[in-house]
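Values below: every heavy atom of this structure, side chains too, minus hydrogens, waters and symmetry copies. Naming: A, B, ... by sequence-line order, numbering from 1 per chain.
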Protein chains: 2
Amino acid sequence: MSVITMEAADGGLRERKKARTREALVDAALRLFAEQGFGPTTTEEIAAAADVSQRTLFRYFPTKEDIILDVQDEIEEAFRLKLAARPAAEHPVDSLITALTAAWSEVDASVLNAHLRIMRLSDESPKLLAAHLQRSAVNLDLLASLIAHRTGTDTAEDPRPELVAAAFGSAVHVGIVRCCRSGRGGVDDLVSSVNHCLELLIPTLTEPWDADRRAGRGAAPRAPRPAPPADGPGTPA
Amino acid sequence: MSVITMEAADGGLRERKKARTREALVDAALRLFAEQGFGPTTTEEIAAAADVSQRTLFRYFPTKEDIILDVQDEIEEAFRLKLAARPAAEHPVDSLITALTAAWSEVDASVLNAHLRIMRLSDESPKLLAAHLQRSAVNLDLLASLIAHRTGTDTAEDPRPELVAAAFGSAVHVGIVRCCRSGRGGVDDLVSSVNHCLELLIPTLTEPWDADRRAGRGAAPRAPRPAPPADGPGTPA
DNA sequence: GTCTATATAGGGATAGAC
DNA sequence: GTCTATCCCTATATAGAC
């Protein structure tokens with residue numbers, strides 16, 4: 001048979017079969033985890049549900065956690081692409097917030113929903129939570145490198161790229177966790193919770209603590225930095 | 001024999017034996033991990049080195065990682081105690097920084113050194129890193145609760161306690177990681193690296209980005225909040 | 001009887017041989 | 001892709017200390 005026929009189409013025939021197998025595994029895992037929990041579900045069950053052998057499963061994913069944690073990487077990669085599209089002169093904090101909004105508005109809703117379901121599962125399984133946090137750490141490193149590159153900062157001498165990335169990541173994480181904890185949460189709840197946390201981050205660190213302030217209804221925080229020129233090619237949403 | 005004789009001393013005979021077994025396990029693990037790495041060392045080896053059975057090891061520690069990660073909890077608990085001793089009116093950010101300095105100056109140097117060694121091992125073993133991050137998350141929750149209690153803030157409605165705790169924790173983490181990455185690091189290097197990151201956190205988020213600023217030698221950041229009254233009972237170092 | 005330690009057996013994840 | 005080995009961790013059954 002012709003090699004050309006097999007690989008010509010639009011991503012390769014094999015590529016698409018691989019992608020389908022991969023998706024079948026992710027779907028099966030997501031479903032079984034929801035039904036039985038993360039721990040009780042075995043890799044053999046997942047493989048059987050996706051009609052492949054256990055060995056094949058481990059050829060696609062190195063660990064059980066990775067089967068579902070890949071969607072996280074997918075989201076974060078989209079986010080980094082949006083960040084790279086922001087103007088270089090913009091302050092990293094502004095770039096990060098704008099890029100996140102842009103990325104989340106473009107990502108498929110089912111992907112964000114899957115991410116939410118994974119966060120829920122993490123509450124129940126320490127192992128899954130640990131794997132998730134580890135990935136977040138790796139993605140944070142990538143983010144810091146990207147920021148350093150964009151601002152022409154030498155990471156070896158200046159910790160600021162890592163600090164912005166870490167502080168931003170913290171705020172996003174707090175927003176996600178709070179959304180998950182508040183019972184049911186659709187994608188809309190997720191977005192508003194994270195946005196609220198991002199808005200509050202700087203005022204929380206710089207303004208006097210007012211016990212009565214809540215949910216952004218308080219004295220409006222003074223703009224801490226001059227607004228950047230609105231010349232960005234990105235998607236300001 | 002008399003019950004009084006057995007338990008009168010200062011913490012109970014059994015308690016001290018338990019503590020000694022525990023310490024023997026931690027020491028053995030720390031030594032074996034340094035010699036062979038985290039992954040290759042088996043729980044049976046650790047148990048044998050501490051002269052107990054594998055089952056006993058798992059009675060003291062639920063997982064292999066926990067054998068060494070308990071020193072982290074020890075440090076963080078000391079930190080929370082120092083934080084609780086700060087005046088309630090002080091801004092959380094100031095309380096956190098002061099409490100950290102106080103805690104680290106009191107903790108035994110060997111404990112901090114053990115912590116550093118663990119961080120190094122984490123670079124080598126994803127599993128250890130994941131477990132470490134998970135613990136940090138738990139400790140961050142405790143920290144947020146403490147801050148909420150001290151400031152009279154309702155965590156359900158106001159995310160700020162979680163935000164300060166998370167941002168502070170991020171900066172500390174960045175400082176630790178940078179210290180570990182910069183080759184050899186004594187406790188002094190650790191302290192200065194973390195302090196540097198803590199000083200830079202707020203200016204990094206609020207001041208314009210100046211690519212030439214480095215290591216704190218740049219325009220001094222304006223004090224973002226009025227300095228708190230120096231009436232704290234803590235150890236301002 | 002109660003608490004604590006042990007040995008043994010086994011399940012489940014993952015790596016490697018074939 | 002099947003089979004096997006290894007390691008982490010758990011369960012059960014049991015024995016010593018007081």
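Side-chain proximity of B:T42 to the nucleotides C:dA7, C:dA5, D:dC8 is greatest for D:dC8. Set against D:dT10, D:dG1, C:dT4, the side chain of B:F58 has D:dT10 as its closest nucleotide. Between C:dA5, D:dT2, D:dC9, one nucleotide has an atom nearer to the side chain of B:E65 than all others, and that is D:dC9.
Under a 3.5 Å cut-off, the side chain of A:T98 and the backbone N or O of A:S95 do not form any donor-acceptor pair.
Across all strands, B:T41 comes closer than 4.0 Å only to sugar-phosphate atoms, never to a base (heavy-atom distances).
Put simply, B:Y60 has a side-chain N or O that comes within less than 4.0 Å of OP1 or OP2 on C:dA5. Side-chain nitrogen and oxygen atoms of A:T43 include at least one within less than 4.0 Å of the OP1 or OP2 phosphate oxygen of C:dA13. For the OP1/OP2 pair of C:dT8 and a distance below 4.0 Å, the side-chain nitrogens and oxygens of B:R55 include no atom meeting the criterion.
Spacing between atom CZ of B:F33 and atom C1' of D:dC8 amounts to 12 Å, rounded to whole angstrom units. Atoms NZ (A:K64) and P (C:dG11) sit 16 Å apart, rounded to a whole Å. Rounded to whole Å, the distance from CG on B:D66 to C1' on D:dT10 is 15 Å. One atom, CZ of B:F61, and another, P of D:dC8, lie 16 Å apart when rounded to the nearest Å. Put simply, NZ on B:K17 is 14 Å from C1' on C:dC3, counting in whole angstrom units. Whole-Å rounding puts the B:E45 CD to D:dC7 P distance at 9 Å. The distance from atom CD of B:Q54 to atom P of C:dG11 is 16 Å, rounded to the nearest whole Å. When the C1' atom of D:dC8 is taken as reference, atom CG of B:L32 falls 16 Å away, rounded to whole Å.
Under 4.0 Å is where a charged nitrogen must lie from a carboxylate oxygen, and between B:E106 and B:K82 at least one such pair does. A salt bridge does not link A:R178 to A:D189: none of the charged side-chain nitrogens sits closer than 4.0 Å to a carboxylate oxygen.
Geometric assessment of A:K127 against the ring of A:F38 yields a negative cation-pi assignment under the 6.0 Å and 45° thresholds.
Remark: the A:S125 side chain and the A:E65 side chain contain no N/O donor-acceptor pair separated by less than 3.5 Å.
Heavy-atom nearest nucleotides on DNA chain C were determined for B:V52 and for A:T63, and the one closer to the 5' end corresponds to B:V52.
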